[in-house]
Amino acid sequence: MIDDQLFSGKSTAELSRDLLGHELSYQTPAGILAGIIVEAEAYLGAKDSAAHAYKGRRTPANEALYGPPGTIYIYTLRGHHMLDIATQAQDQPEGILIRGLEPTQGQELMLKNRPQKNFNLTNGPGKLTQALGITSKELNLLLLSQSPLTISAQRIKEPAEIAATARINVSSRGDWTDKPLRFCVAHNPYVSQMRKSGMDLTNYGWQV
DNA sequence: CTACGGATGTCCT
DNA sequence: GGACATCCGTAGG
């Protein structure tokens, strides 16, 4: 995939929404692991009080956000690895956090990496990296196009409905706390914190 | 099935 | 020494 094709000319919020339904795949020596993106959050750089680059904060740890579109940003939070993609031009530190995946390939490997039941396999940002076997910052700062990670250029599935909500575990950040910058496939069971009663177990929230 | 609180590893101040 | 873009087990309805 050409990174520019996927990321050009759109706001980070639009890109987050558009990524739903695309397939993320990871080529490993043991095999290919892949899943459809069902949840993503946008973080809007220096002005966004919930973002790592708020007020232009720039450290070795968040350097990847300042890279060109398609730069992989891996960071750890309380011992878990998070997967982000930088979306805008160099030195414009906006990015997308991938928060939920519906597995499509390599589920046996995922279960080996993360022995958990049902949707618990990949329904959260720390969970999906564990299932994929991303246990280091090895991919940090790489471009998607130069890495074993790829995102399909087209949607594999069409969401029946897209929900936009406040971002998860972002609190007390003024106006930015409640902005609807989290996008997910409504009723898909691999969306984090999805209530059982809200799940569509027939079509998983996709158009039929 | 939901809500809550403790565990947890880095990074930055 | 504090602050986290989290996860899981347990307790209670």
Side-chain angles (χ1 to χ4, degrees), chain A residues 11-13 15-17 19-20 24 35 37-67 71-88 92-101 103 110-141 149 163-184 187-201:
Chain A
S11 74
T12 300
L15 288 168
S16 301
R17 192 183 54 215
L19 273 187
L20 303 178
L24 175 79
I37 298 170
V38 299
E39 178 181 1
E41 285 179 350
Y43 287 87
L44 304 188
K47 65 188 177 193
D48 181 353
S49 52
H52 289 170
Y54 181 47
K55 290 181 177 167
R57 198 164 84 100
R58 183 170 190 164
T59 70
N62 74 0
E63 179 62 29
L65 282 173
Y66 290 81
T71 302
I72 298 169
Y73 172 37
I74 308 257
Y75 65 94
T76 63
L77 178 64
R78 289 171 150 90
H80 305 280
H81 287 83
M82 305 293 141
L83 171 61
D84 267 57
I85 311 292
T87 49
Q88 300 297 331
Q92 195 178 333
E94 304 191 9
I96 295 173
L97 171 65
I98 309 293
R99 293 190 51 94
L101 281 184
M110 290 189 197
L111 275 167
K112 212 162 161 186
N113 291 333
R114 179 177 162 78
Q116 287 284 338
K117 297 195 166 194
N118 305 319
F119 310 120
N120 246 336
L121 188 59
T122 50
N123 66 344
K127 301 178 191 180
L128 67 90
T129 54
Q130 194 187 351
L132 291 175
I134 296 174
T135 57
S136 75
K137 293 173 73 174
E138 193 177 2
L139 300 175
N140 190 44
L141 290 166
L149 270 183
T165 75
R167 292 168 291 185
I168 302 287
N169 284 341
V170 167
S171 57
S172 308
R173 265 111 160 179
D175 290 347
W176 288 89
T177 308
D178 299 319
K179 286 202 191 291
L181 292 172
R182 168 184 181 243
F183 301 92
C184 52
H187 312 299
N188 184 286
Y190 286 97
V191 170
S192 68
Q193 301 184 14
M194 172 74 63
R195 295 281 215 287
K196 201 138 197 175
S197 59
M199 293 180 182
D200 167 11
L201 294 175

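The sequence lines fix the lettering, A, B, ..., with proteins before strands; numbering per chain opens at 1.
A:R58 is linked by a salt bridge (charged side-chain N to carboxylate O under 4.0 Å, His left out) to A:E63, A:D91, counting only residues two or more places apart in sequence or in another chain. By the side-chain contact (heavy atoms from CB on, under 4.5 Å) test, A:K47 is found to be paired with A:L44, A:W176, residues two or more places apart in sequence or in another chain being considered. Residues satisfying the side-chain contact (heavy atoms from CB on, under 4.5 Å) criterion with A:Y75, sequence neighbours excluded, are A:H52, A:Y73, A:L77, A:M82, A:D84, A:L97. For A:T177, the side-chain contact (heavy atoms from CB on, under 4.5 Å) partners at least two apart in sequence or on another chain are A:R173. Judged as a side-chain contact (heavy atoms from CB on, under 4.5 Å), and not counting sequence neighbours, the contacts of A:A164 are A:P180, A:F183.
A:I85 CD1 to A:I72 CD1: the interatomic distance, rounded to the nearest 0.5 Å, is 5.5 Å. In this structure, OG1 in A:T129 is found 11.0 Å from CG in A:L139, a value given to the nearest 0.5 Å. Taking OG of A:S16 as the reference point, atom CD of A:E94 lies at 9.5 Å (rounded to 0.5 Å). Here CD of A:Q88 is found 8.5 Å from CD1 of A:I96. Values are rounded to the nearest 0.5 Å. Within the model, atoms OH of A:Y190 and CG of A:N118 stand 7.5 Å from one another, a figure rounded to the nearest 0.5 Å.
Side-chain contact check for A:R182 versus A:S192: some heavy-atom pair is nearer than 4.5 Å. Within the 4.5 Å cutoff, side-chain heavy atoms of A:T122 are placed close to those of A:M110. Within the 4.5 Å cutoff, the side chain of A:N113 has no heavy atoms near those of the A:L132 side chain.
Legend: salt bridge (Lys or Arg N to Asp or Glu O under 4.0 Å) pairs involving residues 192-201 of chain A, not counting sequence neighbours: none detected.
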Which string of ( ) [ ] | and . matches DNA chain B, if you list each base 5' to 3' and count Watson-Crick or G-U pairs only when both distances are under 3.5 Å? |||||||.||||.
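Contacts between residues 37-49 of chain A and DNA chain B, defined by a heavy-atom separation under 4.0 Å, are absent. Within residues 115-124 of chain A, the residues that place at least one heavy atom under 4.0 Å from DNA chain C are, in residue-number order, A:Q116, A:G124.
First and last contacts of DNA chain C with chain A, using any nucleotide atom under 4.0 Å from a protein heavy atom and ordered 5' to 3', fall at C:dC4 to C:dC8.
When rounded to the nearest whole Å, the span between CG of A:N140 and P of B:dT10 equals 14 Å.
Between A:Q130 and A:V170, the one whose closest nucleotide on DNA chain C sits nearer the 5' end is A:V170.
Listed for the A:D48 side chain is a donor-acceptor partner under 3.5 Å among the backbone atoms of A:A50. The backbone N or O of A:L181 sits nowhere less than 3.5 Å from a side-chain atom of A:R167 that would complete a donor-acceptor pair. Side-chain atoms of A:D178 do not come within 3.5 Å of backbone N or O of A:A166 as any donor-acceptor pair. Between the side chain of A:N123 and the backbone N or O of A:M194, no donor-acceptor pair lies under 3.5 Å.
Across all strands shown, A:R182 has no heavy atoms under 4.0 Å from either base or sugar-phosphate atoms.
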Identify each atom pair where a protein N or O and an N or O of nucleotides 1-8 of chain B are less than 3.5 Å apart, giving names and distance.
unit_1	atom_1	unit_2	atom_2	d
B:dC1	OP1	A:K196	NZ	3.4

Anything under 3.5 Å between a protein N or O and an N or O of nucleotides 11-13 of chain B, put it in a table, one pair a line.
unit_1	atom_1	unit_2	atom_2	d
B:dC12	OP1	A:T59	OG1	2.3
B:dC12	OP1	A:A61	N	3.4

